[in-house]
Amino acid sequence: MPGFGSADASGGHRQLDRIDRAILRLLQQDGRASIRSVAERVHVSRANAYARIARMVEDGVIRGFTARVNHERAGQGASAYITLKIVQNSWRTVRGQLLELPGIEHIALVSGEFDVIMLVHTVDNRALRELVLNRIQSIPEVLGTHTLLVFDETDRTPVLPD
């Protein structure tokens, strides 16, 4: 099978073929889909679908399987993006400390006028204020924060090319 299970010329990550991408699209839509269902929908055997999924997990293409949560219905009524300015070369230290805090869903080191952007969910604005003012701003390497409240949000499943 061309493209299946082979490393690229540089010895790096294996290329995804059309069937791999079809499997990924299906799993993005329904992470609970059975191997049998996935195999039928992409027209391969169950063993082939299982091997492909296992390889993509092993290669880190699939980082895990998770539920998409409606945070408001789950009791987390306040959401915000928080930007940080941090001490130069302190990313790894700051990231480690941020990962210990509750409610942080996504953390990214970015370019531009700030250094870090995070998506956070908390029970309410009081908990958000506690998180920002007492927890995040107390990290010595954090030079400043800016909080952007989220009034409404929509998740979109990324579409992979064929």
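Taking the side chain as every heavy atom from C-beta outward, I82 and L148 never approach each other to under 4.5 Å. Side-chain contact between Q76 and T122 is absent, with no heavy-atom pair separated by less than 4.5 Å. In this structure, L98 and L84 have side chains that are in contact, with non-hydrogen atoms separated by less than 4.5 Å. Side-chain contact between R95 and L99 is present, with heavy atoms from C-beta onward closer than 4.5 Å.
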Using a 3.5 Å cut-off and no angle test, enumerate the donor-acceptor pairs between side-chain atoms of residues 103-120 and protein atoms at least two apart in sequence or in another chain.
from : atom 1 : to   : atom 2 : distance (Å)
E105 : OE1    : H71  : NE2    : 2.9
E105 : OE1    : H121 : NE2    : 2.7
D115 : OD2    : I86  : N      : 2.8

Return a table of donor-acceptor pairs under 3.5 angstrom between the side chains of residues 125-140 and protein atoms on other chains or two or more places apart.
from : atom 1 : to   : atom 2 : distance (Å)
E130 : OE1    : N134 : ND2    : 2.5
Q137 : NE2    : T145 : OG1    : 2.7
S138 : OG     : N134 : O      : 3.1
S138 : OG     : R135 : O      : 2.8

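Remark: R68 pairs with T157 by the side-chain hydrogen bond (donor to acceptor under 3.5 Å, both in side chains) rule, at least two apart or across chains. The side chain to side chain contact (heavy atoms under 4.5 Å, CB included) check on N70 picks up E72, R73, with sequence neighbours excluded. In terms of the side chain to side chain contact (heavy atoms under 4.5 Å, CB included) criterion, residue partners of R32 (sequence neighbours excluded) are, by chain and number, D30. For R36, the salt bridge (charged side-chain N to carboxylate O under 4.0 Å, His left out) partners at least two apart in sequence or on another chain are E40. Annotation: side chain to side chain contact (heavy atoms under 4.5 Å, CB included) contacts of L143 (sequence neighbours excluded): K85, V87. Checked against side chain to side chain contact (heavy atoms under 4.5 Å, CB included), F151 has the following partners two or more places apart in sequence or in another chain: L149. Among residues two or more places apart in sequence or in another chain, the salt bridge (charged side-chain N to carboxylate O under 4.0 Å, His left out) test is passed with E153 by none.
Among residue pairs with one or both ends in residues 24-55, none qualify as ring pair (Phe, Tyr, Trp, His ring centres under 6.0 Å); sequence neighbours excluded.
The backbone N or O of T93 lies less than 3.5 Å from no partner atom in the side chain of S90, so there is not a single donor-acceptor pair. Under the 3.5 Å distance criterion, the side-chain polar atoms of R21 are matched with a main-chain donor or acceptor of L16.
Of all non-hydrogen atoms in S37 and S34, the two that sit nearest each other are N-OG, 3.0 Å.
Atom-to-atom distance recorded for R52:CZ and D20:CG is 4.5 Å, nearest 0.5 angstrom.
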* Asked: Can D59 and V57 be said to form a side-chain contact (heavy atoms from CB on, under 4.5 Å), step by step?
  -> CA-CA 5 Å; D59 287 352; V57 168; over 6 Å; no

